[in-house]
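Written out below as structure tokens is the structure these notes cover.
Since the model is a prediction, treat every value here as computed from it, not as a measurement. Side chains included, hydrogens not; waters and symmetry mates left out as well; all remaining heavy atoms used.
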There are 2 protein chains.
Amino acid sequence: MAEGVVTIHDVAREAGVSIATVSRALAGSTTVAAATADRVRRAAAALGYEPNRAARALVTGRGQSVGLVIPDLENPFYSSVAKGMQNRVRAAGLTAIIADTDEDVDREREVLGQLAADVDRMILASPRAADADLLALAARSRIVLINRSLPGVPAVTADNADGIRQAVGHLLALGHTRIGYAGGPATSWSDAERRAGLTVAVDAWRAQDRDVTIVDLGAFRPGPAGGVAAADLAIAEGVTAVLVFNDQLALGLLGRLGERGVGVPEAMSVVGFDDVPVARLLAPALTTVAVPAQRMGAAAVDLLLAEVPPEGAAARVPEPGPRVVPVELQVRRSTAQVPRG
Amino acid sequence: MAEGVVTIHDVAREAGVSIATVSRALAGSTTVAAATADRVRRAAAALGYEPNRAARALVTGRGQSVGLVIPDLENPFYSSVAKGMQNRVRAAGLTAIIADTDEDVDREREVLGQLAADVDRMILASPRAADADLLALAARSRIVLINRSLPGVPAVTADNADGIRQAVGHLLALGHTRIGYAGGPATSWSDAERRAGLTVAVDAWRAQDRDVTIVDLGAFRPGPAGGVAAADLAIAEGVTAVLVFNDQLALGLLGRLGERGVGVPEAMSVVGFDDVPVARLLAPALTTVAVPAQRMGAAAVDLLLAEVPPEGAAARVPEPGPRVVPVELQVRRSTAQVPRG
DNA sequence: TTGAAAGCGCTAACAT
DNA sequence: ATGTTAGCGCTTTCAA
């Protein structure tokens, strides 16, 4: 009795049935007598039986795992995506394989190659890869995109344009007319969407004969360090408010503004994007566009599982939710009326 | 020929050898003639052969993946652990399976059971499970603990006592004599270690005839919400400084102190633990004991792989580093001399 | 409603 | 140095 591993044979013996019946009973087959099924389940539980995934995968030809490729696990937005994804994957009786690309295209390519070898379903969050590469991948594996859209490939995206519209509306209502935009990486699909939303929002405002100038502060790496540079630029440009690509950038920007003695919100209003958990805890608490990261991760899983349901009894496949998730501006302390000047 | 999946049989036929020879040649066995091995490799490449991981895992009984069980992916400390772990695992040619337990014992048990089924090597970060359960698990799978120690089970831990010693020394040097300790969950091994370190540090100080009182503020859930309660307690107890179990708690505490109008560091000094990335970006920047989370995650992988090297040619197994990693106090703006009173 | 038996693709004895 | 063969634990026909 050195081996502690319980197999289907042990359960069969314990329940006094054949292994085929155990397999059927645990898979929830209707062709098993209720009493038998019950006995099997009880035996399995008593023995602490866990089906061997490798064996199951081998015979069904379909893996039990779902991959997630994200740019940076240390970015709270993506940790939240990962958390939501992971929870949903586990609830479906599958396992989540998470891979971090360090915000690097080459690393991403490498990771994608490795992952494709042992997973046939994956979720790519904000991939940097070219459209063509993504399309090629989609042809071989089932993939779902997060924060990126591509014809023919299922995706979950945030309503970026609407988020920017809300943010700009808020700033305009506070009287700001000279607003800086600190953008994300030039290759970012989300950034492109947000910039487009910005244009639309501004045009609408101008159509009402109202004045507003958007100052493009440039493209920054989406970490706090980028925010530092953005802060100096914002001060130099004389804007009274800054719209920031994401909260990570905003964090660095806020810190630098403090160092430079520029009070937030008295002298400068700041609006972030994402609403990462720490945003509300800052001093001043950050006004930001809340993106339901966990929900997006979960929604991507639903989308992935909707077409090709997984094996196994534990599998529950929820209906896929909306693909464009709504976002909502959280007004907090980092924004205020434009300073009288 | 509808199926596009290449198996070892296809390669064998193409190379004109048996499947056993293909297996051996591809595994780099020395008992294969160089010419044959070459022919096999060429055939495999030509056909685009990728060994089926499920089949390999089934027969070897050893998987290609390493599991990581953590309390909360949204806690930046653990995202960092996960990032370090994941990078190292991938570098070794394996895949990382990450599972989140939501800081819940029952959920942890469930996750452990599921994970143990498809992984035979795992890393448990700050597990809440009882010693006996952990020992039982260690008997069946290869496990490495992070932030927990148990006789006979390999572990990577932070030098908690030394961290507390540094923190207390810093506070005492600033003249604080009434210091609060806001602890983590009662079941936390790290918290126990930190409390023990606290006692030692205080005793040493008293042995020099110096005065100091440690006020136990209680045990808190390690999220920002717990910090709010701790803040009120700290104020009520009239301490001039608070030592906090971790940065997440400190975040909530800082926010609440601000709301209550207690200035940090003028009226109250605060020291955190972990040095999560956001700690330095706060206003005031948080003085905290830096724990190298990524390095701990990587070290745990090294420890795990050191004894039973993984399958496959791509595997590289680094030497395990030290098991107790040093920590270092980062003095920032949240601590100052005791207020004159 | 249940059982017997045939593999899934691979590795590891055991032969040769 | 290479081939034959026996499973790994499971799902799924096919019979009974």
Side-chain angles (χ1 to χ4, degrees), chain A residues 3-41 43-44 47-64 93 117-118 120 309-315, chain B residues 2-41 43-44 47-64 116-120 310-313 315:
Chain A
E3 275 310 293
V5 185
V6 180
T7 76
I8 198 171
H9 289 98
D10 301 316
V11 178
R13 192 173 327 110
E14 177 80 10
V17 296
S18 74
I19 61 166
T21 298
V22 173
S23 177
R24 283 186 286 246
L26 264 25
S29 166
T30 52
T31 70
V32 181
T36 311
D38 200 58
R39 193 148 33 91
V40 170
R41 271 191 296 271
L47 267 44
Y49 170 68
E50 283 285 352
N52 180 316
R53 304 220 163 190
R56 177 179 287 176
L58 180 57
V59 62
T60 60
R62 199 123 48 76
Q64 321 294 304
D118 41 83
D120 52 359
E311 304 291 320
Chain B
E3 275 312 291
V5 184
V6 181
T7 77
I8 198 170
H9 290 98
D10 301 317
V11 178
R13 193 174 327 110
E14 177 80 10
V17 296
S18 76
I19 61 164
T21 298
V22 173
S23 179
R24 281 188 287 247
L26 263 26
S29 165
T30 52
T31 69
V32 181
T36 311
D38 201 58
R39 192 147 36 91
V40 170
R41 270 191 297 271
L47 268 44
Y49 170 68
E50 282 284 353
N52 181 317
R53 295 205 164 204
R56 176 179 290 176
L58 180 56
V59 62
T60 60
R62 196 120 52 75
Q64 325 292 303
D118 41 84
V119 152
D120 53 358
E311 305 290 320

Practice prompt. Examine C/dT2: is either OP1 or OP2 under 4.0 Å from a nitrogen or oxygen in the side chain of A/T21? Give yes or no.
Written response: no
Worksheet, complete the sentence: Of the candidates D/dC10, D/dT2, C/dT11, the side chain of B/R56 sits closest to C/dT11
Worksheet item: Is there a side-chain polar atom (N or O) of A/T36 under 4.0 Å from OP1 or OP2 of C/dT2?
Response: yes
Practice prompt. Scan for salt bridge (charged side-chain N to carboxylate O under 4.0 Å, His left out) pairs involving residues 11-37 of chain B, sequence neighbours excluded, and state none if there are none.
Written response: B/D10-B/R13
Worksheet item: To the nearest angstrom, how far is B/I19 atom CD1 from C/dG7 atom P?
Response: 15 Å
Worksheet item: Which is true for A/A33 with a 4.0 Å heavy-atom rule: it touches a base, it touches only sugar-phosphate, or it touches nothing?
Response: sugar-phosphate
Discussion item. Quick check for you: among C/dA4, C/dC10, D/dT11, whose closest atom lies nearest to any side-chain atom of B/I8?
Written reply: C/dC10
Worksheet item: Are A/S23 and D/dC10 close enough that a side-chain N or O sits under 4.0 Å from OP1 or OP2?
Response: no
Worksheet entry | For atom CG of B/D120 and atom P of D/dG9, their distance in whole Å | 13 Å
Worksheet entry | For A/T30, all residues meeting side-chain hydrogen bond (donor to acceptor under 3.5 Å, both in side chains), sequence neighbours excluded | none
Worksheet item: Atom CG of A/L58 and atom C1' of D/dG7: how far apart are they, to the nearest Å?
Response: 12 Å
Practice prompt. Using atom CZ of A/R53 as one end and atom P of C/dC8 as the other, report the distance to the nearest whole Å.
Written response: 23 Å
Worksheet item: Roughly, in whole Å, what's the span from NE2 in B/H9 to P in D/dG3?
Response: 13 Å
Worksheet entry | Side chain proximity check, B/V6 to B/V11, heavy atoms < 4.5 angstrom | yes
Discussion item. Could you check whether any side-chain heavy atom of B/L26 comes within less than 4.5 Å of a side-chain heavy atom of B/V40, counting everything from C-beta outward?
Written reply: yes
Worksheet item: Is A/R24 side chain donor-acceptor paired with the C/dG3 base, going by distance under 3.5 Å alone?
Response: yes
Worksheet item: What are the two closest heavy atoms between A/A12 and A/V22, and how far apart are they?
Response: CA-CG2, 3.6 Å
Discussion item. To check you understand the geometry: which heavy-atom pair defines the closest contact between A/A25 and A/A37, and what is its length?
Written reply: CB-CA, 4.0 Å
Discussion item. Could you work out how much the helix from C/dT1-D/dA16 to C/dT16-D/dA1 bends, comparing the axis of its first five pairs with that of its last five, to 10°?
Written reply: 40°
Worksheet item: Under 4.0 angstrom, heavy atoms only, what part of the nucleic acid is B/T7 near: base, sugar-phosphate, or nothing?
Response: sugar-phosphate
Fill in: Minimum heavy-atom distance between A/I8 and A/I19, given as atom pair plus value
CD1-O, 3.5 Å
Item to complete: For B/L26 and C/dC10, give me the distance from atom CG to atom C1', rounded to whole Å.
Response: 12 Å
Practice prompt. Nearest whole angstrom, please: distance from the P of C/dC8 to the CG of A/N52.
Written response: 18 Å
